[in-house]
Amino acid sequence: MKKNTLVALAALTAAAGAMAQSSVTLFGVVDASIARVSAGGNDVTGLSSGGLSSSRLGFRGAEDLGGGLSASFWLEGGLAVDNGGSGFKFDRRSTVSLTSKSIGELRLGRDKSPAYLNVETFDPFGDSGVGGINGANLIGSASSAAGTAEGSAPKRFSNSIGYVAPNLGGFYGQFAYSFGEEASNIANDRKKSGIALRAGYGAGPLNVALGYGQSRGGTDAVGVDYKSTNIGASYNFGMVKPMVLFATEKGGNKRVDLFAVGATVPLGAGELRASYAMFKDKKLSNADSKKLALGYGYNLSKRTQLYATVARMTNDDGAKRGLAVSSSSLASPTIASGANVTGYEFGVRHSF
């Protein structure tokens with residue numbers, strides 16, 4: 001009996017030790033807002049999901065393998081708070097990683113493009129809702145940038161292998177390659193593939209980073225490379241955090257530049273946000289746009305915030321850029337060339 005008891009205790013001790021070295025976390029964001037977007041007399045009003053932060057549900061976990069090595073996973077899918085959505089999938093991130101404290105992290109799966117990280121990092125609105133800069137896919141989506149997996153400079157890569165460097169005295173870096181998974185018997189066998197990298201320095205109040213990405217499009221016979229470059233910086237003075245972003249994309253005989261400035265200001269129990277962006281079409285005349293956005297978030301607690309945002313896009317006669325509405329059911333109104341677009345959002349975000 002004593003022997004069996006000792007064996008059982010040893011097994012329980014081993015199991016407890018294993019659990020202590022691994023962890024799994026459930027996390028998410030639930031964000032809903034009343035939104036209104038109007039363009040040239042045509043408007044849409046309704047409920048939006050993700051006006052401040054994209055609504056999501058996720059699981060992440062890690063296991064200590066010893067010797068400074070760990071294994072981890074991250075599964076995260078978008079939620080549609082407005083109507084519940086039509087199905088759930090881990091479309092925001094689905095990765096598995098091996099990490100060495102001294103060497104860095106090898107990451108496999110679907111993840112954000114390293115080049116896109118600058119767009120959301122140096123945007124006071126985090127590239128979300130009507131206030132977001134909309135700095136991804138300046139040339140076009142997967143349909144208008146034909147042959148690409150998710151556009152000329154997408155937010156995310158599927159089928160990717162990536163590397164995240166360890167932080168060395170404030171210097172950081174990340175690289176990713178996305179397989180197009182096309183058959184080798186076609187001339188453009190790199191179609192739908194992508195490559196992106198980011199390198200920067202962040203220490204104390206300063207953060208500055210450079211990003212580069214390339215997406216392969218075209219037809220089975222002829223390839224087209226869409227190239228994007230961006231650089232952003234911010235400096236936290238305490239009373240105000242200004243930031244600046246420049247991004248450019250070219251490919252398929254098109255080029256669009258983006259220049260944006262913004263700031264966040266602690267105010268009361270919350271934060272004031274402001275940004276101004278200019279979109280320049282370098283191949284078409286009279287096709288530029290300007291965007292101004294203002295917003296404020298009031299913290300009810302560390303996890304819950306009330307927010308309000310107003311934004312205005314001014315289009316030249318040859319442009320019809322709009323505002324993003326993070327919703328699965330609230331469609332943006334039809335925008336005619338030269339029409340100005342105004343958007344409002346009033347919402348609540350809860351994180352867990």
Side-chain angles (χ1 to χ4, degrees), residues 29 31 50-54 112-138 153-156 164 167 169-174 196-213 228-249 256-280 288-299 305 307-314 321 323-324 326 343 345 349 351:
V29 174
D31 183 327
L52 181 60
S53 300
S54 298
K112 287 182 179 179
S113 162
Y116 170 72
L117 294 178
N118 278 353
V119 174
E120 64 176 12
T121 298
F122 301 110
D123 177 357
F125 296 90
D127 201 38
S128 295
V130 297
I133 290 177
N134 300 333
N137 288 344
L138 295 175
K155 294 183 178 182
R156 291 175 173 83
V164 183
N167 191 300
F171 290 95
Y172 58 85
Q174 187 173 348
L197 57 88
R198 183 184 189 225
Y201 176 80
L206 175 66
N207 189 15
V208 57
L210 173 69
Y212 173 80
S228 61
T229 304
N230 59 51
I231 184 170
S234 66
Y235 194 93
N236 193 346
F237 290 95
M239 60 183 298
V240 61
K241 181 182 178 181
M243 53 193 72
V244 60
L245 174 71
F246 172 77
T248 181
E249 291 182 24
V256 177
D257 291 351
L258 164 67
F259 179 76
V261 293
T264 59
V265 180
L267 183 62
E271 179 182 74
L272 181 67
R273 310 174 183 104
S275 69
Y276 177 76
M278 296 182 293
F279 300 82
K280 297 286 186 180
D288 300 338
S289 305
K290 299 179 180 66
K291 180 179 181 180
L292 177 65
L294 297 171
Y296 180 72
Y298 180 82
N299 296 315
Q305 183 178 116
Y307 64 88
T309 305
V310 58
R312 172 81 167 178
M313 181 76 79
T314 305
R321 295 182 178 88
L323 304 174
S326 303
E345 277 187 311
R349 179 193 66 185
S351 304

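No hydrogens, no waters, no symmetry mates; every other heavy atom, side chains included, goes into these values.
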| remark: When rounded to the nearest 0.5 Å, the distance separating NZ of K155 from OG of S113 is 12.0 Å
| query | When you look at NZ of K112, are more than 12 heavy atoms from neighbouring residues, nucleotides or ligands closer to it than 6.0 Å? | reply | yes
| query | With side chains defined as the heavy atoms from C-beta onward, is the minimum distance between N207 and M243 less than 4.5 Å? | reply | no
| Residue pair V244 / F259, side-chain heavy-atom distance below 4.5 Å | yes
| task | Find out whether L52 and R273 are in side-chain contact, i.e. whether some heavy atom of one side chain is under 4.5 Å from a heavy atom of the other. | result | yes
| Nearest heavy atoms of G131 and F125, plus distance in Å | O-CD1, 3.3 Å
| task | Rounded to the nearest 0.5 Å, what's the gap from CG on L138 to NZ on K280? Could you check? | result | 14.0 Å
| said: Under the criterion side chain to side chain contact (heavy atoms under 4.5 Å, CB included), I'd like the reasoning laid out for D257 against F246: C-alpha separation, chi angles, the key distance, then a yes or no. | reply: CA-CA 8 Å; D257 291 351; F246 172 77; 4.2 Å; yes
| For the residue pair F279 and I133, what are the closest heavy atoms and their distance? | CZ-O, 3.3 Å
| Short side-chain to backbone donor-acceptor contact, E345 and V130, under 3.5 Å | yes
| said: Tell me if a side-chain donor or acceptor on D31 pairs with a main-chain N or O of S53 at a distance below 3.5 Å. | reply: yes
| field | Close side-chain approach of N134 to D127, heavy-atom, < 4.5 Å | value | yes
| Minimum side-chain heavy-atom gap N137-P154 below 4.5 Å | yes
| request: Could you check if a side-chain atom of R198 sits within less than 4.5 angstrom of a side-chain atom of Y116, using non-hydrogen atoms only? | output: no
| Should the heavy atoms of other residues, nucleotides or ligands under 6.0 Å from OH of Y276 be counted, would the total exceed 12? | yes
| query | Which pairs with one or both residues in residues 230-240 pass side chain to side chain donor-acceptor pair (under 3.5 Å), sequence neighbours excluded? | reply | N118-N230
